[in-house]
Amino acid sequence: MSDVEVLRRQLKIKSGVAKRLFKEHQSYEKEAEDQQIKLDKLIAEQGEEWYIKNARNMLEESKKLIKDTSDRFGNAVQDLRDTILVAKQKEELAEDEELLKAEEALETVSV
């Protein structure tokens, strides 16, 4: 494979990774928010201690997953940025569809 083909493939892969991790991170944040609401409701209604303890454990687990996906997502975005910069230096990829898609993906996940 030529350098241009390899770079094209890397752009596609890294764009997909960044988008997937972005969605995963959002999902875990939503889950943590829901768990917090559930915990607050149990405490307000003076629910059984076991349910409150379990809800706290689930909330903590969600927070750990948020941190993990946040770290992986940050690395993926930086890796995508670096690959886009390398691709822009190649004249053959100046207006390539994969480069444009990768830039669009980067813009989407950088919001």
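The analysis underlying the following values was restricted to heavy atoms, covering all of them including side chains, and did not include hydrogens, waters or symmetry mates. Along the sequence shown, residues are numbered consecutively beginning with 1.
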Answer yes or no: is there an ion pair linking E97 with K101, defined by an N-O contact shorter than 4.0 Å?
yes
Salt-bridge contact D71-K67 (side-chain N to carboxylate O under 4.0 Å):
yes
Those residues that, when tested against [X], pass side chain to side chain contact (heavy atoms under 4.5 Å, CB included) (two or more places apart):
{"X": "N75", "answer": "none"}
{"X": "S27", "answer": "none"}
{"X": "V86", "answer": "L7"}

Going from [atom1] on [X] to [atom2] on [Y], what distance comes out if it is rounded to the nearest 0.5 angstrom?
{"X": "L80", "Y": "E103", "atom1": "CG", "atom2": "CD", "value": "9.5 Å"}
{"X": "T69", "Y": "Y28", "atom1": "OG1", "atom2": "OH", "value": "7.0 Å"}
{"X": "T83", "Y": "K14", "atom1": "OG1", "atom2": "NZ", "value": "3.0 Å"}
{"X": "K12", "Y": "L99", "atom1": "NZ", "atom2": "CG", "value": "14.5 Å"}
{"X": "K63", "Y": "Q35", "atom1": "NZ", "atom2": "CD", "value": "11.0 Å"}
{"X": "L65", "Y": "S70", "atom1": "CG", "atom2": "OG", "value": "12.0 Å"}

Name each donor-acceptor pair under 3.5 Å that joins a side chain in residues 17-24 to protein atoms two or more places apart or in another chain, with its distance.
residue, atom, partner, partner atom, Å
E24, OE2, R72, NH2, 2.9

Would a 4.5 Å heavy-atom cut-off, applied to side chains only, mark E60 and R56 as touching?
no
Using atom types as modelled, flag every donor-acceptor pair under 3.5 Å from a side chain in residues 39-54 to any protein atom, sequence neighbours excluded.
residue, atom, partner, partner atom, Å
D40, OD1, Q36, NE2, 2.9

Report the C-alpha distance between L100 and E104 in whole Å, list the side-chain angles of each, state the deciding distance to 0.1 Å, and finish with yes or no for side-chain contact (heavy atoms from CB on, under 4.5 Å).
CA-CA 6 Å; L100 296 175; E104 182 179 311; over 6 Å; no
Sorted by chain and number, sequence neighbours left out, salt bridge (charged side-chain N to carboxylate O under 4.0 Å, His left out) with D82 holds for none
Do the side chains of I66 and M58 join up, straight or via other hydrophobic residues, at under 4.5 Å, putting them in one cluster?
no
